[in-house]
Number of protein chains: 2
Amino acid sequence: MSNTISINIKSSCASCGLRDLCLPVGLNSNEIEILGNLVNHKRAVKRGKYLHRTGTSFQSLYAVRRGFFKTFILEKDGRQQVTGFHMTGELIGLDAISAEIYTCDAVALEDSEVCEVPFSKLEEISRVIPSLMKHFHKIMSGEIVKDHEVMMLLGSMKAEERLITFLLNLSGRFSKRGYSSVDFVLRMTREEIGNYLGLKLETVSRAFSKLQEESIISVNNKHIHIHDMDRLKNKVDV
Amino acid sequence: MSNTISINIKSSCASCGLRDLCLPVGLNSNEIEILGNLVNHKRAVKRGKYLHRTGTSFQSLYAVRRGFFKTFILEKDGRQQVTGFHMTGELIGLDAISAEIYTCDAVALEDSEVCEVPFSKLEEISRVIPSLMKHFHKIMSGEIVKDHEVMMLLGSMKAEERLITFLLNLSGRFSKRGYSSVDFVLRMTREEIGNYLGLKLETVSRAFSKLQEESIISVNNKHIHIHDMDRLKNKVDV
DNA sequence: GCCATGAGTTGATCTAGATCAAAACAAAAA
DNA sequence: TTTTTGTTTTGATCTAGATCAACTCATGGC
């Protein structure tokens, strides 16, 4: 269950850019037209800029059309917990439905573009298109599953296992989008990876170096190449 | 945003036992009758018994009517990550909507009782009662927020901070249910606390002992008394 | 009630990962 | 181009929490 939204079938897909990733929901042309009105407002977000900030009022979800985001929570003392990295086709803002306020910051890690999805409209439309409602529920639930997997990672894996799990996750998501699963460029710094995995940046760097020494991957700054996917997976017994 | 369900207003509440905790949703008597049919099947779960198991087919959410549950994920090597502790009024099973399969095990930590909520019925009814749908979305979103808080805890807090955050969380939830916020009985073992907080049981025990030495709390086996709530909160600068 | 078994505490030691430090490297600005 | 600034790597050291071990306490079954 990937965190993608299904409303971008055919015509409405083109405008929103989420095309292939959408799960087929089986809408008729009338329904597709209804959806066309929902998702039309695009917004560009330059690298380093905020898509939304903690505490601001919630109106819309955002579907990533292009680019890469991180979301994170800040503690008073400045510690930053990255709650997720988000790529094309994924939805940002599900946390905000609860209190009608964003509970984290969302920053673009490269020049990006999102589709704004006004949430009250989404709720209205999902009443008349049950398959849309069901799909939305699956997306939210999938987010919970994903978070539980991160809890597993943070609560009971060692540094190397965490990094491998992270790489395998990225690899799978790139692959699903038609990119190479063994050759990709990280959009985030070592520190940001560490803030996601509950590790210091030095530990992340050392774990990369160790995997490279073992000829399992090669690391060239932000470029990662996976030479031996099987050995990588074996290390986390997936 | 507590993880409670709202369908238990007045008459239907009595049968389900979630009464006071429900957020008022403002239903008319006709709507309440519709809901009456939804949540009626009760199920008792003895201490140590499973409410559901990983991988089994999903039909229903469960609202805890009475008692206490833990949910957890098992890794192949036996490592257990507790994903949550659930008390009266809280919903279990939101993770399963995504793949229509439960993604974790749920075990009763004391003799308990749940209301079964057939999910397909819930979806149908929420189409005709928009306020119910909205409330359900808030519950799911609240679950995501809660999970992000746990990620923060696991990813960037030290042992003592984790335990205090856990105690404050329990304290708040007991208080909301009309029980003392400074005096309560833990339903789980040190090991289960550890499996939730990403710590070993000895570390949990030592953290308890340290807080007791500092006269902030007292610990008598599973009974906790908080003497100095302010000092406790200051330690995690809440 | 008594015993057996599981739960909890405490001490001694070990280690994975944090911290501190310095150098190498890359990308952007001047 | 050179300078500046931020990122990454690697080494040396330290420490929070894990691990190992022993003992105490509580509880449920008989």
Side-chain angles (χ1 to χ4, degrees), chain A residues 46-48 70 77-82 107 109-111 153-167 185-214 217-224 235-236, chain B residues 46-49 70 77-82 107 109-111 153-167 185-214 217-225 235-236:
Chain A
K46 283 273 171 201
R47 176 164 186 261
K70 71 166 175 178
D77 62 5
R79 278 177 291 184
Q80 183 180 101
Q81 179 63 41
V82 171
V107 168
L109 296 183
E110 61 182 19
D111 292 354
L153 179 148
L154 292 171
S156 43
M157 291 187 190
K158 336 184 138 272
E160 187 183 60
E161 295 175 309
R162 294 185 200 189
L163 186 68
I164 292 174
T165 304
F166 172 69
L167 286 177
V185 174
L186 300 173
R187 266 71 173 201
M188 69 296 283
T189 66
R190 302 290 188 262
E191 185 172 25
E192 287 165 331
I193 296 173
N195 287 344
Y196 179 60
L197 299 180
L199 302 170
K200 292 292 151 184
L201 68 96
E202 295 95 328
T203 305
V204 173
S205 178
R206 278 185 242 266
F208 270 132
S209 300
K210 178 153 173 284
L211 291 172
Q212 186 165 38
E213 271 164 36
E214 297 173 317
I217 68 174
S218 57
V219 184
N220 273 86
N221 200 27
K222 293 210 152 64
H223 185 106
I224 303 292
K235 286 205 164 221
V236 287
Chain B
K46 283 273 172 200
R47 177 162 186 260
K49 297 296 180 193
K70 71 165 173 177
D77 62 5
R79 277 177 292 183
Q80 182 180 104
Q81 179 63 42
V82 172
V107 168
L109 296 184
E110 61 182 21
D111 292 354
L153 178 147
L154 292 170
S156 44
M157 291 188 189
K158 332 184 141 277
E160 186 183 61
E161 294 174 310
R162 293 184 200 190
L163 186 67
I164 293 174
T165 304
F166 171 69
L167 287 177
V185 173
L186 300 173
R187 266 70 172 202
M188 70 296 284
T189 66
R190 302 290 189 264
E191 186 172 26
E192 287 166 331
I193 296 173
N195 287 345
Y196 180 61
L197 299 180
L199 301 170
K200 291 293 151 184
L201 68 95
E202 296 93 329
T203 306
V204 172
S205 178
R206 278 185 242 269
F208 271 132
S209 300
K210 179 155 173 284
L211 290 172
Q212 186 166 37
E213 269 164 37
E214 297 173 320
I217 67 175
S218 56
V219 184
N220 273 85
N221 200 27
K222 292 209 153 59
H223 186 107
I224 303 292
H225 184 89
K235 286 204 164 220
V236 287

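Residue numbers start from 1 in every chain, and the chains themselves are labelled A, B, ... in the order their sequence lines are given, proteins ahead of strands. Just so we're clear, the structure is a prediction, and the values are computed from it rather than from any experiment.
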Enquirer: Take the C1' atoms of the five end pairs on each side of the helix from C:dG1-D:dC30 to C:dA30-D:dT1, derive the two axes, and give their angle rounded to 10 degrees.
Expert: 50°
Enquirer: Give, ordered by number, those residues of residues 190-200 of chain B having at least one heavy-atom distance below 4.0 Å to an atom of DNA chain C; if nothing qualifies, reply none.
Expert: B:R190
Enquirer: Is it the case that atom CZ in B:R79 sees more than 12 heavy atoms from other parts of the structure closer than 6.0 Å?
Expert: yes
Enquirer: Would you mind telling me which residue lines up with the more 5' stretch of DNA chain D, A:K222 or A:R206, judged by nearest nucleotide?
Expert: A:K222
Enquirer: Any chance CD of A:E161 has more than 12 other-residue heavy atoms, nucleotides or ligands included, within less than 6.0 Å?
Expert: yes
Enquirer: Got more than 12 heavy atoms from elsewhere within 6.0 Å of NZ, A:K222?
Expert: yes
Enquirer: Minimum heavy-atom separation for A:N221 and A:R190, please, with both atom names.
Expert: O-NH2, 2.8 Å
Enquirer: Starting at CZ of B:R47 and ending at C1' of C:dA7, how long is that distance when rounded to a whole Å?
Expert: 11 Å
Enquirer: Could you check whether any side-chain heavy atom of A:L186 comes within less than 4.5 Å of a side-chain heavy atom of A:F208, counting everything from C-beta outward?
Expert: yes
Enquirer: Considering all heavy atoms of both residues, which atom of B:L211 and which atom of B:L167 are nearest to each other, and what is their separation?
Expert: CD1-CD1, 4.4 Å
Enquirer: Tell me: CD of B:E202 to P of C:dG8, nearest whole Å?
Expert: 12 Å
Enquirer: Applying salt bridge (charged side-chain N to carboxylate O under 4.0 Å, His left out), run through B:E214 and B:K210 and close with a yes or a no.
Expert: CA-CA 6 Å; B:E214 297 173 320; B:K210 179 155 173 284; 3.6 Å; yes
Enquirer: Figure out the NZ/C1' separation between B:K210 and C:dG11, and round it to whole Å.
Expert: 18 Å
Enquirer: Given atom CG of B:L201 and atom P of C:dG6, what is their separation to the nearest angstrom?
Expert: 15 Å
Enquirer: How long is the line joining CG of A:L109 and P of C:dA27, in whole Å?
Expert: 17 Å
Enquirer: Take atom CD in B:E191; do more than 12 heavy atoms of anything else shown fall under 6.0 Å from it?
Expert: no
Enquirer: Does A:L154 offer a backbone N or O that forms a donor-acceptor pair with the side chain of A:R162 under 3.5 Å?
Expert: yes
Enquirer: Tell me: CG of A:N220 to C1' of C:dC25, nearest whole Å?
Expert: 12 Å
Enquirer: Tell me which of B:N221 and A:K158 sits closer to the 5' end of DNA chain C, going by the nucleotide each one is nearest to.
Expert: B:N221
Enquirer: Within the distance-only criterion (no hydrogens, no angle test), does the side chain of A:Q81 pair as donor or acceptor with the backbone N or O of A:N195 below 3.5 angstrom?
Expert: yes
Enquirer: Contact boundaries of DNA chain D with chain A (under 4.0 Å, heavy atoms), 5' to 3'?
Expert: D:dT7 to D:dA12
Enquirer: Got a donor-acceptor contact below 3.5 angstrom from the A:S209 side chain to the A:S205 backbone?
Expert: yes
Enquirer: Identify whether any heavy atom of A:S209 sits under 4.0 Å from a base atom; if not, whether one sits that close to sugar-phosphate; answer base, sugar-phosphate or nothing.
Expert: sugar-phosphate
